[in-house]
2 protein chains.
Amino acid sequence: MDDRPHVTLEDVAREAQVSLATASRALNGTTKVRSDLRERVLAAANQLAYTPNAHAQALAGGAHRTVGVICHDVSDPYFAGISRGVMRAADEAGLLVMLASTFRDPQKEIAYISMLRAQRASAILLVGSGFEDREWERALAAEIEPYQRGGGQVAVVSRHRTLRVDSVQPENRDGAAELARTLTAQGHRRFAVLAGPRALTTVVDRLRGFRDGLTEAGVELAESHIVEAAFTRDGGYAAMSELLARGLDATCVFAVTDVMAMGALAALRESGRSVPEDVSLAGFDDIPVVRDLAPPLTTVALPLEELGEKVMELAVRDNRGKRSRILRMPGTVVVRESTIPPAGS
Amino acid sequence: MDDRPHVTLEDVAREAQVSLATASRALNGTTKVRSDLRERVLAAANQLAYTPNAHAQALAGGAHRTVGVICHDVSDPYFAGISRGVMRAADEAGLLVMLASTFRDPQKEIAYISMLRAQRASAILLVGSGFEDREWERALAAEIEPYQRGGGQVAVVSRHRTLRVDSVQPENRDGAAELARTLTAQGHRRFAVLAGPRALTTVVDRLRGFRDGLTEAGVELAESHIVEAAFTRDGGYAAMSELLARGLDATCVFAVTDVMAMGALAALRESGRSVPEDVSLAGFDDIPVVRDLAPPLTTVALPLEELGEKVMELAVRDNRGKRSRILRMPGTVVVRESTIPPAGS
DNA sequence: GCGCTTTCTGAATGCGCTTTCACGCTAGGA
DNA sequence: TCCTAGCGTGAAAGCGCATTCAGAAAGCGC
């Protein structure tokens, strides 16, 4: 990129009429430097608008001050919330964050890890569900393991089955089970579920938990009442529309994600049904906007920012030789106005 | 961070029994290398899980493949949308994105620029309104100018008065004026405005544009009908609450941001007023969620992702010596259900 | 005043890589 | 057959910095 050469430490040293070594020491404060020399160096650096070259510092053995964060999509409120926590924590630790979105392309995820490896990032954070796919897991491990062997820290949010890494895990299963209990307690017996791709562990867990919770109340969830769609607002819309086209036979719909629930809400409204009078609707995650929907959404609250902070802490804390840690983060069912007892109860 | 040393190019060369130079050339494909040697090098690199050290590459004169993006808050849907565009464009250009949130702290903005400068990022993108503050502008220029002199590219979204940089500028003023015209055409005469901090150029522009539009219709906006608050959902809530406490004397409320409008909507609902029957409400930005509010929000649509893509393109395109470019992006008024003619018309 | 330790400074080394530079080799024209 | 291109290769320089090592200056007791 360079046109004109950058101001280097050598320029500063020359300007201050000291040796390069002294200039380095004066700027970093690693060793005592005679105060008048230090003043001269600082003044020269300031005057020349000197900025140390981080690449050279890194190469010469200085610490690497950057962490990489890889998520599916920053513009998804779920990841935005987590990112916020990560950045806050990184900021406190004086770390620089490199954030990348894979847009749910496993290839891209691998590519980004490779780039971060090249950057010698001090830590890599994988945020978001893993895919249940052997091939992908192998490819991922092939990038991650050499990185860890080289001293790199890796931490993830959500479940990765095969990776030996620290992780923060939302209690998706328990949260969904608790939600199911709450809804059956309200009197619901006929449910439909709007699911994301089953290749994602998050989806599998929430589905399993929800089913578990229903089973406790003696309610069964027919496979035909589960519609799979993309993990987005439009995915939720599409899934709900399909369900309606099939002739919705449920008093309560559970969308495995708040974002999907928003799409579902729109589809329901357009079909002339009102929530919660005609159908109850519940989501998962408690992203900030759902309390502003009409009606405000019943959901399972996950402490998103805290998830981000925790995963950052895991990655920063030194864990050489120790076995991988798992931090479980419970969700809390928040009942709002989108779910009420069904009409006939 | 390193425990064990990393695999270096030298290791690869030794393994492949070629010189270091040959190994480098084989991996980069810069020069012809005898095919059997190239095969040996590639095999060795693969076997040793070699990843080039990006710092060394950068230092040795290779291109710098990272761009820095600085915004106020990634978790704000406005910035999330723009970030999405930036990342998409960066991805196509093979660039790595470093994303930082300042949480609206000017100090932090300066600090991040300095860090990016140290990283020798090939471009720095400033996303979000500038502050109208002399002191801050000076400090910013002191970081930006040496960076540009060193060949760094800088581009911004939104207005920065004093910086000589390429910029993408939403037509805040025109958009707000058009919105005012639309609303007066609906019959509104008494308005209130929920504004963000006046130190932000975005706020100033939208306010001015809105006022201009009203003036055209012969409507005046009393200063007392403008409430200033934080640029967030809760800021909007607080501002609206204050307005209500004062005794709202308006048939239509304009929140300078959709995010603030969401807070306002909540405050109105809690006060027992319904939108749009009792009060009309309009926002600005057209963040994705507003169409899912009840009622869907009338707003000025900005092509957020495109803003991000464009600013990235500006930063990537070479503009040495050329004067700074300005790309104006018009907004479009989208009338939804949150605004209707006032009761008495 | 001398020898000794204690500070501080400057020259030099190396981090891992790209890129000249110069050389050895083969191929083609005289 | 010899000479000149032309191609591929390896040795070496250098990117900007932190750091080691050795030496100069300064402080101390005798």
Side-chain angles (χ1 to χ4, degrees), chain A residues 1-41 44-45 48-65 115 117-122 150-151, chain B residues 1-41 44-45 48-65 117-122 146 150-151:
Chain A
M1 83 185 206
D2 293 345
D3 259 327
R4 273 148 281 210
H6 264 280
V7 176
T8 73
L9 187 57
E10 196 182 345
D11 300 327
V12 174
R14 191 176 324 110
E15 177 76 20
Q17 309 201 41
V18 297
S19 76
L20 201 149
T22 303
S24 170
R25 285 188 278 246
L27 290 170
N28 297 317
T30 47
T31 317
K32 276 267 166 291
V33 173
R34 217 173 64 214
S35 64
D36 59 325
L37 294 190
R38 188 179 52 240
E39 290 308 319
R40 287 219 308 264
V41 171
L48 299 176
Y50 167 72
T51 307
N53 183 324
H55 294 301
Q57 288 184 316
L59 195 58
H64 304 235
R65 306 264 61 192
M115 290 179 94
R117 211 139 82 77
Q119 291 282 333
R120 300 293 184 270
S122 60
Chain B
M1 80 186 203
D2 295 343
D3 259 329
R4 273 148 283 208
H6 265 280
V7 176
T8 73
L9 187 57
E10 195 182 348
D11 299 329
V12 174
R14 193 178 319 115
E15 178 77 19
Q17 307 201 37
V18 297
S19 78
L20 205 149
T22 302
S24 171
R25 286 189 277 248
L27 290 170
N28 296 319
T30 47
T31 317
K32 279 262 167 296
V33 173
R34 218 171 64 214
S35 65
D36 60 324
L37 294 190
R38 188 179 50 244
E39 291 307 320
R40 286 220 306 266
V41 172
L48 298 176
Y50 168 71
T51 306
N53 183 324
H55 294 302
Q57 286 183 317
L59 196 57
H64 304 234
R65 307 263 62 192
R117 214 140 82 75
Q119 291 282 333
R120 297 295 183 269
S122 61

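Every heavy atom of this structure was used, including side-chain atoms; hydrogens, water molecules and symmetry mates were not. Here the structure is a predicted model, which is why all the values come from computation and not from measurement. Quick note on labels: first sequence line is chain A, next is B, and so on, each numbered from 1.
- Within the helix from C:dG1-D:dC30 to C:dA30-D:dT1, the inter-axis angle between the opening and closing five-pair segments is 50°, rounded to 10°.
- Checking side-chain atoms of A:Arg40 against main-chain N and O of A:Ala16 turns up a donor-acceptor pair under 3.5 Å.
- A distance of 11.0 Å separates OH of A:Tyr50 from CD of A:Glu10, quoted to the nearest 0.5 Å.
- For the pair B:Thr8 and B:Asn53, the minimum side-chain heavy-atom distance is 4.5 Å or more.
- Shown here for A:Ala45 and A:Val12, the closest heavy-atom pair between the two residues is N-CG1, 3.9 Å.
- In this structure, CD of B:Glu10 is placed 8 Å from P of C:dC15, rounded to the nearest angstrom.
- Scanning both residues, A:Pro52 and B:Arg120, for their nearest heavy atoms gives O-NH1, 3.6 Å.
- At a threshold of 4.0 angstrom between heavy atoms, the contacts of A:Thr8 are confined to the sugar-phosphate backbone, with no base atom among them.
- Regarding contacts with the backbone of C:dC15, every side-chain N or O of B:Asn53 stays at 4.0 angstrom or more from both OP1 and OP2.
- The side chain of B:Gln57 places an N or O atom within less than 4.0 Å of a non-bridging phosphate oxygen (OP1 or OP2) of C:dT18.
- Without hydrogens or angle criteria, B:His55 side chain to A:Gln119 main chain gives a donor-acceptor distance under 3.5 Å.
- What separates CG of A:Leu59 from C1' of D:dT19 is a distance of 13 Å, to the nearest Å.
- The backbone N or O of B:Val33 lies less than 3.5 Å from a partner atom in the side chain of B:Arg38, making a donor-acceptor pair.
- The two residues B:Thr22 and B:Leu37 make their nearest non-hydrogen contact at CG2-CD1, 4.4 Å.
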Return a single string for nucleotides 7-13 of chain D, one symbol per nucleotide in 5' to 3' order, where B is base contact, S is sugar-phosphate-only contact and - is none, cutoff 4.0 angstrom on heavy atoms.
-SBBB--
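- Atom-to-atom, CG of A:Asn28 to C1' of D:dG16 comes out at 13 Å; the value is rounded to the nearest Å.
- Rounded to whole Å, atom C1' of C:dT19 lies 15 Å from atom CG of B:Leu27.
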